[in-house]
Amino acid sequence: VQLQAFGGGLVQAGGSLRLSCTASGRTFSNYDMGWFRQAPGKEREFVGVINRSSGRAYYADSVKGRFTISRDGAENTVYLQMSSLKPEDTAVYYCAASTVLTGNEQRYDYWGQGTLVTVSS
């Protein structure tokens, strides 16, 4: 499956931004969809994942209550709605697809190209 993430940009602290990730090539509904991020000089980290069937999402503690993941099967798209953004949320954000509901990036088979989010203080 090919994934394309977009929607990144520059936002002030406290602001909101929505990222989108569009899938093509394989059946979108076969995959749980995750979001990860990599800040400058740091390792990539798990942000959240949404279950392919229930639509229930799970989040890292660092974003819980501020970020929301949703998916639109008709559009083959998964979204990451980010609110109350902080400068420490600055990172390249990646979407990824897995056949396993997990936060372990090693279990993800397909990755998007990443989109940069910069939060200014």
Side-chain angles (χ1 to χ4, degrees):
V1 60
Q2 291 79 45
L3 302 175
Q4 184 173 5
F6 51 95
L10 175 64
V11 62
Q12 289 188 333
S16 299
L17 201 62
R18 189 178 78 161
L19 306 183
S20 302
C21 175
T22 300
S24 63
R26 289 181 181 264
T27 304
F28 180 66
S29 59
N30 287 347
Y31 297 92
D32 301 309
M33 298 298 296
W35 285 96
F36 292 79
R37 66 185 182 185
Q38 187 168 21
K42 295 187 177 181
E43 294 186 352
R44 189 158 56 189
E45 65 175 2
F46 170 73
V47 173
V49 59
I50 186 166
N51 185 283
R52 76 191 80 170
S53 54
S54 69
R56 183 174 179 179
Y58 304 85
Y59 303 94
D61 288 343
S62 58
V63 306
K64 200 173 294 183
R66 300 188 299 120
F67 290 12
T68 301
I69 300 174
S70 60
R71 63 191 293 162
D72 184 337
E75 297 293 330
N76 285 356
T77 299
V78 61
Y79 302 98
L80 179 64
Q81 177 68 49
M82 304 183 291
S83 303
S84 301
L85 283 161
K86 306 174 182 180
E88 51 264 43
D89 294 318
T90 295
V92 177
Y93 283 74
Y94 299 88
C95 60
S98 175
T99 57
V100 177
L101 187 68
T102 180
N104 182 352
E105 67 174 86
Q106 301 300 322
R107 301 301 302 273
Y108 283 78
D109 302 305
Y110 304 99
W111 290 82
Q113 82 285 5
T115 185
L116 176 63
V117 173
T118 303
V119 184
S120 63
S121 56

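- Between W35 and C21, some side-chain heavy-atom pair lies under the 4.5 Å cut-off.
- Residues V92 and L116 come closest through the heavy atom pair CG2-CD1, 3.9 Å.
- Put simply, the side chain of Y93 reaches to within 4.5 Å of the side chain of M82, judged on heavy atoms.
- Contact check on D89 versus K86 returns no salt bridge, with no Lys/Arg side-chain nitrogen under 4.0 Å from an Asp/Glu carboxylate oxygen.
- Here the closest heavy-atom approach between residue S62 and residue R37 is recorded as OG-NH2, 3.6 Å.
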Does D109 form a side-chain contact (heavy atoms from CB on, under 4.5 Å) with T99? I'd like the steps, not just the answer.
CA-CA 8 Å; D109 302 305; T99 57; 4.2 Å; yes
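- Between Y108 and F36, a ring centre-to-centre spacing shorter than 6.0 Å is recorded.
- Proximity of T102 to V49: side-chain heavy atoms (C-beta onward) are nowhere separated by under 4.5 Å.
- Listed here is the closest heavy atom pair of M33 and A97: SD-CB, 3.6 Å.
- By the 4.5 Å heavy-atom criterion applied to side chains, F67 and V47 are counted as neighbours.
- For the pair R71 and F28, the cation sits on the ring face: its NZ or CZ lies under 6.0 Å from the ring centre, inside 45° of the axis.
- Note that CG of L101 is 9.5 Å distant from CZ of R56, once rounded to the nearest 0.5 Å.
- Under the 4.5 Å side-chain criterion, counting only non-hydrogen atoms from C-beta, R18 is not in contact with S83.
- Residues V78 and I50 have side chains in contact (heavy-atom distance under 4.5 Å, counting atoms from C-beta outward).
- Transitive grouping of hydrophobic side chains (ILVMFWY, heavy atoms separated by less than 4.5 Å) keeps L85 and Y79 in distinct clusters.
- Put simply, OG1 on T77 and CG on L19 are 12.5 Å apart, with the number rounded to the nearest 0.5 Å.
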Go through the steps to decide whether S53 and N51 satisfy the test side chain to side chain donor-acceptor pair (under 3.5 Å), and finish with yes or no.
CA-CA 6 Å; S53 54; N51 185 283; 2.9 Å; yes
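- The distance from atom CD of E43 to atom CD of E45, rounded to the nearest 0.5 Å, is 10.0 Å.
- Here the side chains of R52 and S29 are not in contact, with every heavy-atom distance at 4.5 Å or above.
- Taking each heavy atom of S84 and S16 in turn, the nearest pair found is N-OG, 4.4 Å.
- With contacts defined as side-chain heavy-atom distances shorter than 4.5 Å, the pair Y94/R44 qualifies.
- Looking at every heavy atom in both residues, A23 comes nearest to L3 through CB-CD2, 3.6 Å.
- Minimum heavy-atom separation, F46 to A60: O-CB, 3.4 Å.
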